[in-house]
Amino acid sequence: TFADWQIIDELMAKGLMPTLKKFLSESSYGNIATLDPPYSPMLWTTMATGKHAFDHGVHGFTEILPDGSGIRPISAHSRKVKAIWNILNQEGYKSNVVAWWPSNPVEDINGVMVSNFYQHARTKYGDEWPLLDGTINKEEHREALAELRVHPQELTSAHLQPFIPNLKNLKPEEDKILASTAKILAHCSSVHNATTYLLEETEWDFMAVYHDAIDHICHLGMKYRAPKLEGIKDEDFENYRDLVDSIYRFHDMMLDRTLDLIDDETYVMIVSDHGFRSDHTRMVQIPKGPATPALEHRPYGMVALRGPGIKSGEKIYGASVLDVTPTLLQLMDLPIGEDMAGHVLTNIFEDAPKLRTIPSWESKKG
């Protein structure tokens, strides 16, 4: 997720995120610091490897073509070190990875990998919608996962009205914010569908899921959220003011369903790679330029971890996105790479953990 405590705390105080509120009462939680520049492909690769971009190779939203003739959207080809699922794979664990950015083309891991291209619709509703090559690594799940995708044009007013209550006053064929909202919700629902399917239908030891809807909706609608900003039209404020709060509540419902499908012995980490400006520093317009939406990000995201031996109600201080993989390795009773820049979040454990290290997972064959 791309969640931010400033909004979470406000919504929980109103009783609008009951699942997360209960989860936090059983968790250690706090801020997590991002890295600059706050570019999501770089940051989510950092979280999956425990390393900086100059080590893992994913620097932004694009990469140079192999022949040097141009650029293309970032892919899994740029990552040059092992991710947490590669380490677990060589240790005999089964991992499911859904929509991680970037994860296309998928890797042949022991488990199911669904790439970040899975949810994107490239045809009109009703036309054939084939899965692209490199989207799913296990052929036996291909048909089922393809059927679980949601096309933006499938969504009805019943799906969209909680996000835009004045829907009946808008012209769907002309309203770009409505069209973008439908697209974001369809992507989000597709990823959730794939997640719940794999939770129920496969054996797994580790699962990593990437949701980007909060970030996309915040870039789309944060300037319309109350209190009304100067420069925002009254009509637009009334139409789109609920977008941000609604997507947070939608994620709370998805979390409720996800937690229903696992047991109390399963560790659950919820983490965002950065926060989002939601106060007086919000921007009505952002300057034109590459990756300028990152100007709307806050340097602190959120992290919460629940599971056996994890303190309840413990505040986490000093966490960084670099610490995610080292902490996950500790939970799996595996050594931390000495070449990882992050550290284990030791203060969250009820008993002081015994830390083990390995010079580098890169030199371990497998």
Side-chain angles (χ1 to χ4, degrees), residues 1 3 5 8-9 11-13 15-32 47-48 84-85 87-89 91-100 109-112 114 188 191-211 214 248-272 301-317 319 323-334 336 344-356:
T1 74
W5 285 121
I8 289 171
D9 289 341
L11 295 178
M12 288 196 303
L16 298 178
M17 295 188 74
T19 306
L20 183 61
K21 186 174 183 178
K22 181 177 184 297
F23 181 89
L24 294 177
S25 71
E26 304 163 346
S27 306
S28 291
Y29 60 94
N31 284 330
I32 192 166
M47 285 198 284
I84 178 68
W85 49 84
I87 295 172
L88 296 178
N89 186 75
E91 293 299 301
Y93 292 104
K94 292 183 177 181
S95 299
N96 290 337
V97 181
V98 181
W100 205 266
I109 60 172
N110 182 19
V112 183
V114 180
C188 182
V191 171
H192 180 62
N193 290 348
T195 300
T196 54
Y197 167 81
L198 293 174
L199 283 171
E200 290 188 284
E201 301 297 331
T202 67
E203 294 182 2
W204 54 275
D205 301 297
F206 171 81
M207 190 147 184
V209 182
Y210 171 88
H211 278 291
I214 286 178
Y248 271 84
R249 297 180 67 187
F250 190 63
H251 278 69
D252 196 68
M253 291 186 284
M254 290 194 296
L255 176 62
D256 184 61
R257 176 58 179 153
T258 301
L259 295 177
D260 278 345
L261 297 175
I262 60 176
D263 57 40
D264 293 336
E265 297 302 304
T266 302
Y267 292 103
V268 180
M269 177 185 283
I270 304 172
V271 63
S272 61
M302 59 85 70
V303 61
L305 180 59
R306 186 190 80 176
I310 302 298
K311 295 178 183 177
S312 298
E314 180 76 8
K315 290 301 295 285
I316 296 174
Y317 296 99
D323 301 332
V324 172
T325 282
T327 302
L328 291 174
L329 290 172
Q330 181 65 33
L331 293 174
M332 301 295 288
D333 196 27
L334 291 173
I336 292 83
V344 177
L345 299 175
T346 54
N347 70 302
I348 67 176
F349 292 87
E350 292 176 351
D351 299 318
K354 296 179 180 179
L355 304 181
R356 295 186 295 131

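Note that the numbering runs from 1 along the sequence shown for the chain. In what follows, every heavy atom counts, from backbone to side chain, and hydrogens, waters and symmetry copies are set aside.
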- [ ] Can you sort out the partners of Lys22 under salt bridge (charged side-chain N to carboxylate O under 4.0 Å, His left out), two or more places apart, ordered by chain and number?
- [x] Glu26
Task: Residues in side-chain contact (heavy atoms from CB on, under 4.5 Å) contact with Thr325, at least two apart in sequence or another chain - done: Ile84, Leu329, Met340
Task: Euclidean distance, Leu11 CG relative to Leu20 CG, rounded to 0.5 Å - done: 10.0 Å
Open item on the list: Taking side-chain contact (heavy atoms from CB on, under 4.5 Å) as the criterion, tell me which of Val303, Leu255, Thr258 meets it with Ile270.
Closed with: Leu255
Task: Nearest-0.5 Å distance, OH of residue Tyr248 to CD1 of residue Ile214 - done: 5.0 Å
Open item on the list: So, taking the atom named CG in Asp205 and the one named OG1 in Thr266, what distance separates them when rounded to the nearest 0.5 Å?
Closed with: 10.0 Å
Task: Tyr210 vs Val97, side-chain contact (heavy atoms from CB on, under 4.5 Å): CA-CA, chis, key distance, verdict - done: CA-CA 8 Å; Tyr210 171 88; Val97 181; over 6 Å; no
Open item on the list: Just verifying a value: how many Å separate Ile348 CD1 and Ser312 OG, rounded to the nearest 0.5 Å?
Closed with: 11.0 Å
Open item on the list: Test of understanding: with ring-ring contact (aromatic ring centres under 6.0 Å, His included), list the residues that count as partners of Tyr29, not counting sequence neighbours.
Closed with: Trp5
Task: Partner residues of Asp252 under the side-chain hydrogen bond (donor to acceptor under 3.5 Å, both in side chains) criterion, sequence neighbours left out - done: Thr19
Task: Arg356: side-chain contact (heavy atoms from CB on, under 4.5 Å) partners, not counting sequence neighbours - done: Asp333, Pro335
TODO: Output all residues satisfying side-chain contact (heavy atoms from CB on, under 4.5 Å) with Ala194, sequence neighbours left out; order by chain, then residue number.
DONE: Val98, Tyr118, Leu145
Open item on the list: Rounded to the nearest 0.5 Å, what separates atom CE in Met332 from atom OH in Tyr93?
Closed with: 4.5 Å
- [ ] Evaluate the criterion side-chain contact (heavy atoms from CB on, under 4.5 Å) for residue pair Leu24 and Met12; output intermediate values, then yes/no.
- [x] CA-CA 11 Å; Leu24 294 177; Met12 288 196 303; 3.6 Å; yes
Task: Minimal non-hydrogen separation, Gly301 against Ser272, with atom names - done: CA-OG, 3.2 Å
- [ ] Apply ring-ring contact (aromatic ring centres under 6.0 Å, His included) to Trp100 and list each qualifying residue two or more places apart in sequence or on a separate chain.
- [x] Trp44, Trp85
Open item on the list: With heavy-atom distances below 4.5 Å as the criterion, would you say the side chains of Leu88 and Leu334 are in contact?
Closed with: yes
Task: With Ser95, the side-chain contact (heavy atoms from CB on, under 4.5 Å) member among Val112, Asn110, Ile109 - done: Ile109
- [ ] Could you check if a side-chain atom of Arg306 sits within less than 4.5 angstrom of a side-chain atom of Leu259, using non-hydrogen atoms only?
- [x] yes
Open item on the list: Please enumerate all residues that pass side-chain hydrogen bond (donor to acceptor under 3.5 Å, both in side chains) together with Thr202, with sequence neighbours excluded.
Closed with: Asn96
TODO: For Glu314, check side-chain contact (heavy atoms from CB on, under 4.5 Å) against everything at least two apart and list the hits.
DONE: Ser28, Lys311, Asn347
Open item on the list: Tell me the closest heavy-atom pair linking Asn31 and Ala319, and the distance in Å.
Closed with: O-CB, 3.6 Å
TODO: Could you tell me whether the side chain of Leu305 reaches within less than 4.5 Å of the side chain of Leu331, counting heavy atoms only?
DONE: yes
Open item on the list: Rounded to the nearest 0.5 Å, what separates atom CG in Asp260 from atom CD in Glu200?
Closed with: 10.0 Å
Open item on the list: Just to verify, what does Asp351 make a salt bridge (charged side-chain N to carboxylate O under 4.0 Å, His left out) with, not counting sequence neighbours?
Closed with: none
Task: Listed partners of Glu203 passing salt bridge (charged side-chain N to carboxylate O under 4.0 Å, His left out), at least two apart - done: Lys94
Task: Minimum side-chain heavy-atom gap Met207-Thr195 below 4.5 Å - done: yes
Open item on the list: Restricting to ring-ring contact (aromatic ring centres under 6.0 Å, His included), what partner residues turn up for His251, sequence neighbours left out?
Closed with: His211
TODO: Quick one: closest heavy-atom pair of Val271 and Met47, and the distance?
DONE: CG2-SD, 3.8 Å
